[in-house]
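To keep things clear, I will list the structure first and then write my remarks on it.
Numbers restart at 1 for each chain; the letters A, B, ... are given by sequence-line order, proteins then strands. Only a predicted model underlies this, so the values are computations on that prediction, with no experimental measurement involved.
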Amino acid sequence: MTQVLLDMLVTGLPLVPVFLGIYTVFRLRADFDLTVEGSFVSGGAVCALALVHGWPSWLALLAGTGGAAAAGAVTALIHLLLRVPVLLAGLVMSIGLFSVNLHVLDTPTVSLGTVGTMFSGFGSLSGRQADLATSGVMAGVVAVVLAAFGLFLRTELGLALRATGVNARMARSQGVNDRRLTVLALVLANGLAGLGASLTVQYQGYADVNMGAGTFVAGVGAVLLGELFVRPSGSKLLRIVGCVLVGTLAYRLVLVGALRVGLPAGDLRGVTALTLLVAIAAERYLGALGGLARTLTRNARSATAPARQEAA
Amino acid sequence: MLRLDDIDLIYNPGRVDEVVALRNLSVTFERGQFVTVVGTNGAGKSSLIQTISGAARPTRGRIHLDGRDVTRLPDHRRAGWIARVFDDPRAGTAPELSIEDNLALAMARGRARGLRFAVTTRRRAVMREHVAGLGLGLENRLADRVGLLSAGQRQSLTMVMAALSAPSVLLLDEHLAALDPGTTATVLALTTELVRELGATTVMVTHNMDHALALGDRLLVMSRGRVIADYDGTEKSEMTVGGLIDRITGAGDAVSDRSALVEKVTS
Ligand SMILES: Nc1ncnc2c1ncn2[C@@H]1O[C@H](COP(=O)(O)OP(=O)(O)OP(=O)(O)O)[C@@H](O)[C@H]1O
Ligand SMILES: [Mg+2]
């Protein structure tokens with residue numbers, strides 16, 4: 001059981017920034033950006049290349065973030081200059097980036113071998129201790145990312161970003177330049193994807209040109225799953241980061257559990273799709289049940305601690 | 001001073017579905033003037049509002065605000081000087097966001113938005129003060145989602161938001177249309193109070209002939225993209241609802257359903 005949880009953490013924590021980016025576009029902007037399928041690989045590829053060229057691991061992490069963010073900027077440019085929906089711009093990018101990524105990597109898979117990564121110091125530890133140390137470092141990075149993102153959402157710029165997704169006309173009439181915010185959202189979302197990809201690459205020790213496939217659907221599934229547990233809304237910022245964290249880990253728990261019970265790795269995409277469906281179905285049909293459960297627990301809580309306000 | 005010179009606004013120019021919304025329109029609004037605008041459906045009233053706000057770019061003509069040519073500035077760049085209240089109470093606020101977030105969004109209007117916190121203790125105090133004036137108790141509900149408010153409350157909030165950054169032009173496009181009679185009276189009182197307080201040039205579009213005559217110091221009648229009558233304060237005060245409707249219908253337009261309805265209700 002402990003091993004399942006550790007597996008969940010080491011494979012799930014790197015995805016938290018990625019899915020936070022997906023949340024940014026999917027929920028805060030109410031849009032779909034498929035660029036992430038390609039930019040996730042771009043970020044990982046740039047990071048792997050930087051490491052192979054002897055860059056320090058944290059710099060490689062930033063390089064991977066920047067590489068993927070650049071992909072997001074291109075998507076934004078396509079969207080704005082050609083006046084096509086973000087969905088289409090991202091689709092084109094996700095296809096085109098495959099070739100770009102292959103050129104960056106030069107071979108379909110680049111192994112890091114003995115190159116030093118953020119986690120290579122843990123090689124001498126036993127399996128479980130190494131996992132613990134690894135997830136500790138990842139948790140640190142993820143905590144910083146989530147906190148920084150939460151704080152960003154509270155700024156004037158972050159507020160403007162949240163407003164454009166809900167009511168773009170109103171945002172413009174309040175002086176918000178929503179074209180600029182589209183660029184910001186796409187750069188931010190893909191940069192976060194690159195950061196997560198860099199963490200993944202450093203942990204698993206290789207970058208692969210196919211490592212991004214299914215990221216978008218997985219992210220949407222995780223977000224929907226998270227929303228079942230934590231009800232986020234536009235102004236409840238703690239819940240937004242909480243939703244992404246809980247959703248990502250729950251999603252990874254399902255996958256890790258599926259592997260544990262002996263499902264072949266090839267079935268994982270099927271499990272991802274099923275998770276997505278179950279999350280949607282639960283939202284549709286158990287929404288009322290969930291609401292009831294929440295009301296009951298809230299009442300129970302307020303009965304014991306009447307002065308306590310509902311958490312932000 | 002707000003000046004529109006020879007404005008044409010044509011939707012889908014050169015296509016079969018071409019619509020001329022404004023035709024050769026020239027009008028000057030003096031600083032602080034409160035102007036009401038009436039006209040049938042499709043007369044171009046909303047087009048006028050959108051042209052002033054920058055939401056629609058005129059096909060021809062220039063717009064000057066306080067001596068500055070703003071013709072090419074998009075709506076978000078004019079927002080520092082020009083505030084708008086829409087006819088749909090849902091349009092002026094972000095329902096998913098809290099009351100304080102909506103107000104904070106309006107507070108930053110006309111300034112560059114950066115990495116300062118949007119809601120601070122000091123700003124919250126200013127917000128409280130502003131919404132307390134509404135007498136709706138919203139000052140104690142700042143963290144509530146705006147989606148929980150009634151249409152009248154939301155429209156009142158939008159009015160407060162419009163006033164927050166002291167605009168020099170206030171645009172009201174049928175902002176009372178979706179409200180019940182009681183709420184209409186409340187928001188109307190708020191409107192006159194804000195207009196007086198702000199001293200902003202105000203353009204108010206309405207289908208209510210009583211409002212059009214009772215409020216403001218100038219009245220424009222629009223038809224087919226033009227201003228067909230322009231009454232100053234004294235002329236307006238001598239006008240009757242019947243006379244005004246005659247003036248609108250006299251232009252060859254059928255009086256709008258809503259005006260007729262108001263006429264029936266009021267007479
Ligand atoms: N986005 C648009 N595309 C095409 N035509 C438009 C558009 N907006 C308005 N029009 C047309 O422009 C003309 C003027 O419309 P406008 O909305 O200004 O009228 P209005 O006076 O506000 O009418 P109402 O009293 O119904 O609000 C109408 O014929 C309308 O069909
Ligand atoms: Mg209109």
Using 4.0 Å as the upper bound for N to carboxylate O, is an ion pair formed by B:D69 and B:R62?
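Result for this pair is yes, salt bridge flagged.
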Using atom types as modelled and distance alone, determine if a side-chain donor or acceptor of [X] lies under 3.5 Å from a backbone N or O of [Y].
X      : Y      : result
A:H79  : A:V84  : yes
A:N190 : A:L186 : yes
A:T248 : A:V16  : no
A:R169 : B:A55  : no
A:D178 : A:A168 : no

Residues of residues 136-163 of chain B within contact distance of chain A, non-hydrogen under 4.5 Å:
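If one takes a 4.5 Å heavy-atom cut-off, the residues of residues 136-163 of chain B near chain A are B:R145, B:M161.
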Among A:L88, A:V36, A:L34, A:T75, find the residue that satisfies the side-chain contact (heavy atoms from CB on, under 4.5 Å) test when tested with A:M93.
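It is A:T75; the other options fail the test.
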Nearest atoms (heavy-atom pairs only) where [X] meets [Y]:
X      : Y      : answer
A:I22  : A:T215 : CD1-O, 3.7 Å
B:L164 : B:A106 : CD1-CB, 4.1 Å
B:E100 : B:M127 : O-CE, 3.3 Å

Heavy-atom distance under 4.5 Å to chain A: side chain of B:P74, backbone, both or neither?
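Looking at B:P74, nothing touches chain A.
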Proximity breakdown for B:S53 and chain A, heavy-atom pairs closer than 4.5 Å
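Looking at B:S53, nothing touches chain A.
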Please round to the nearest 0.5 Å and tell me the distance separating atom OH of A:Y23 and atom CD of A:E227.
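Result: 5.5 Å between the selected atoms.
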Best-contacting candidate, [options], against chain A by heavy atom pairs under 4.5 angstrom:
options                       : value
B:V119, B:T120, B:N102, B:T93 : B:T93
B:A108, B:G54, B:G92          : B:G92
B:R77, B:R113, B:R90          : B:R113

Among B:D87, B:D88, B:T191, find the one that has a side chain to side chain donor-acceptor pair (under 3.5 Å) with B:H175.
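When B:D87, B:D88, B:T191 are each tested with B:H175, the side chain to side chain donor-acceptor pair (under 3.5 Å) holds only for B:T191.
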Contact listing (chain B partner; residues 153-164 of chain A; heavy atom under 4.5 Å)
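Heavy-atom contacts from residues 153-164 of chain A to chain B are A:R154, A:T155, A:E156, A:L157, A:L159, A:A160, A:R162, A:A163.
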Counting only non-hydrogen atoms closer than 4.5 Å, does A:R179 touch chain B with its backbone (N, CA, C, O), its side chain (CB onward), both, or neither?
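Neither part.
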